[in-house]
Amino acid sequence: MPEGHTIHRLARDHRMWFAGRRVVVTSPQGRFDAAPGLDGSRLEDTEAFGKHLLYRFSRGRWIHIHLGLFGRLTTSATPKAPPRDTVRLRLANRDWYADLVGPTRCALIDAADRAELLARLGPDPLRAESRPSAAWARISHSDQPIAALLMDQRVLAGVGNVYRAELLYRSGLDPHLPGRELREEQWLELWEDLRRLMRAGVRANRIVTTRRNDRERVTGRVRSEDATYVYGRADEPCRVCGTLVRVTDLMDRRLYWCPTCQN
DNA sequence: GCTAAATGTTGAT
DNA sequence: TCAACCTTTAGCT
């Protein structure tokens, strides 16, 4: 679930449903200490930076959430169901409640913490003010493979294992190509494609990277098995050339790619 | 019922 | 490079 598009979608939805109103903040699991201090105060706004979600409260306080690999934030309409015992944080008002489960991080932070967080993130393709040059400065001087650079949140904020594999497939680039061997115009094309893919991801609230004509079924809702070119398709035939999709370990993550289309 | 795997990050060796 | 952390689910038995 959680790459940048998920977080931006949550920020957008929660701004609509929770911002500008008082919110009941509880921690059914008991592991979020700040809950009592914030409980009943007004949520001013939500923000998304890469995979980080922030809820702004008065007096320079934010709840900082990072879902990590298995975290989930689900929102439902009232009446409230009793929380399961793993719910770290529940935000609620009269109409809605959101339950956070299994996050890597859920903490109360101040303006300095927030500034520190933003300072260590690369440009987020989903934010209007982001510029690709900020990432290019690092990529163009790095010996790291482009597949590793794309997932490095200091280089680029919000890209995860699915988008990086799919982006590289769509561009025809070998994932192992060192950053310094990429040409600037290739990088700018990657950036544009990322924006396109991730914006579509926010809209649909899911990742779909296949072009219409490359799907087995062209009409109707995109089936999950048709949504990607290479991610999660190890040993299945490439949709374009038929070569078996390969999976390799790169920096402890599974990297999917087509050795024929990407070189 | 058990195990492994999953769209992630941090901090120690 | 490796382990730790956070939880759910799919695929076994």
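We name chains A, B, ... by the order of the sequence lines, and we start the count at 1 in each one. Since this is a predicted model, take the numbers as computed values, not measurements.
Proximity of A:Arg84 to the phosphate of C:dT8: a side-chain N or O atom is located under 4.0 Å from OP1 or OP2. A close approach under 4.0 Å does not occur between any side-chain nitrogen or oxygen of A:Arg120 and OP1 or OP2 of B:dT9. Phosphate proximity of C:dC6 to A:Thr86: absent, as no side-chain N or O sits under 4.0 Å from OP1 or OP2. Close to B:dT10, at under 4.0 Å from its OP1 or OP2, lies no side-chain N or O of A:Gln153. Within the structure, a side-chain polar atom (N or O) of A:Lys51 is placed less than 4.0 Å from OP1 or OP2 of B:dT9.
Nucleic acid contact for A:Glu166: none, since no nucleic acid atom lies under 4.0 Å from a heavy atom of the residue. Among the atoms of the strands shown, none is found under 4.0 Å from any heavy atom of A:Arg164. Residue-level contact check: A:Arg31 touches the backbone only, with heavy atoms under 4.0 Å from sugar-phosphate atoms and none from bases. Within 4.0 Å of A:Arg105, counting heavy atoms only, lies no atom of the nucleic acid at all.
Here the side chain of A:His66 is nearest to one of C:dT7, B:dG8, C:dT8, namely B:dG8. Here the side chain of A:Arg72 is nearest to one of C:dT9, B:dG8, C:dC6, namely C:dT9. Residue A:Arg253 has its side chain nearest to B:dT7 when only B:dT7, C:dC2, C:dC6 are considered.
Sequence order on DNA chain B of the closest nucleotides to A:His52 and A:Tyr256 puts A:Tyr256 first from the 5' end.
For the pair A:Arg246 and A:Trp257, the distance from NZ or CZ to the six-membered ring centre is under 6.0 Å and the angle to the ring normal is within 45 degrees.
In this entry the distance linking CZ of A:Arg254 with C1' of B:dG8 reads 16 Å, nearest Å. At whole-Å resolution of the value, CG in A:Asp85 and P in C:dT8 are 8 Å apart. If you measure from atom CZ of A:Phe70 to atom P of B:dT7, you get 10 Å, rounded to the nearest angstrom. Atoms CG (A:Asp249) and P (B:dA6) sit 10 Å apart, rounded to a whole Å. If you measure from atom CD1 of A:Ile65 to atom P of B:dG8, you get 17 Å, rounded to the nearest angstrom. Here the C1' atom of nucleotide B:dT10 and the CE atom of A:Met251 are 13 Å apart, to the nearest Å. Atom CG in A:Asp152 sits roughly 13 Å away from atom P in B:dG8 (whole-Å rounding). As rounded to whole Å, 15 Å separates atom C1' of B:dT7 from atom CG of A:Leu167.
Within the 4.5 Å cutoff, the side chain of A:Leu250 has heavy atoms near those of the A:Arg164 side chain.
One C1' atom belongs to C:dT9, the other to B:dT9, and the distance between them is 22 Å to the nearest Å. Rounded to whole Å, the separation between the P atoms of C:dC6 and B:dG1 comes to 24 Å. Rounded to whole Å, the P atom of C:dT8 lies 22 Å from the corresponding atom of B:dT10.
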Given side chain to side chain donor-acceptor pair (under 3.5 Å), test A:Thr74 with A:Arg72 step by step and report yes or no. CA-CA 6 Å; A:Thr74 54; A:Arg72 265 196 196 174; over 6 Å; no

Test log, rule salt bridge (charged side-chain N to carboxylate O under 4.0 Å, His left out), inputs A:Asp226 and A:Arg217: CA-CA 8 Å; A:Asp226 279 348; A:Arg217 198 203 283 164; over 6 Å; no

For a side chain to side chain donor-acceptor pair (under 3.5 Å) check, start with the C-alpha distance between A:Tyr231 and A:Asn161, then their side-chain angles and the critical distance, and finish with the verdict. CA-CA 8 Å; A:Tyr231 179 81; A:Asn161 207 12; 4.9 Å; no

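Scanning all heavy atoms of the two residues, the minimum distance from A:Cys238 to A:Tyr169 falls at SG-OH, 3.2 Å.
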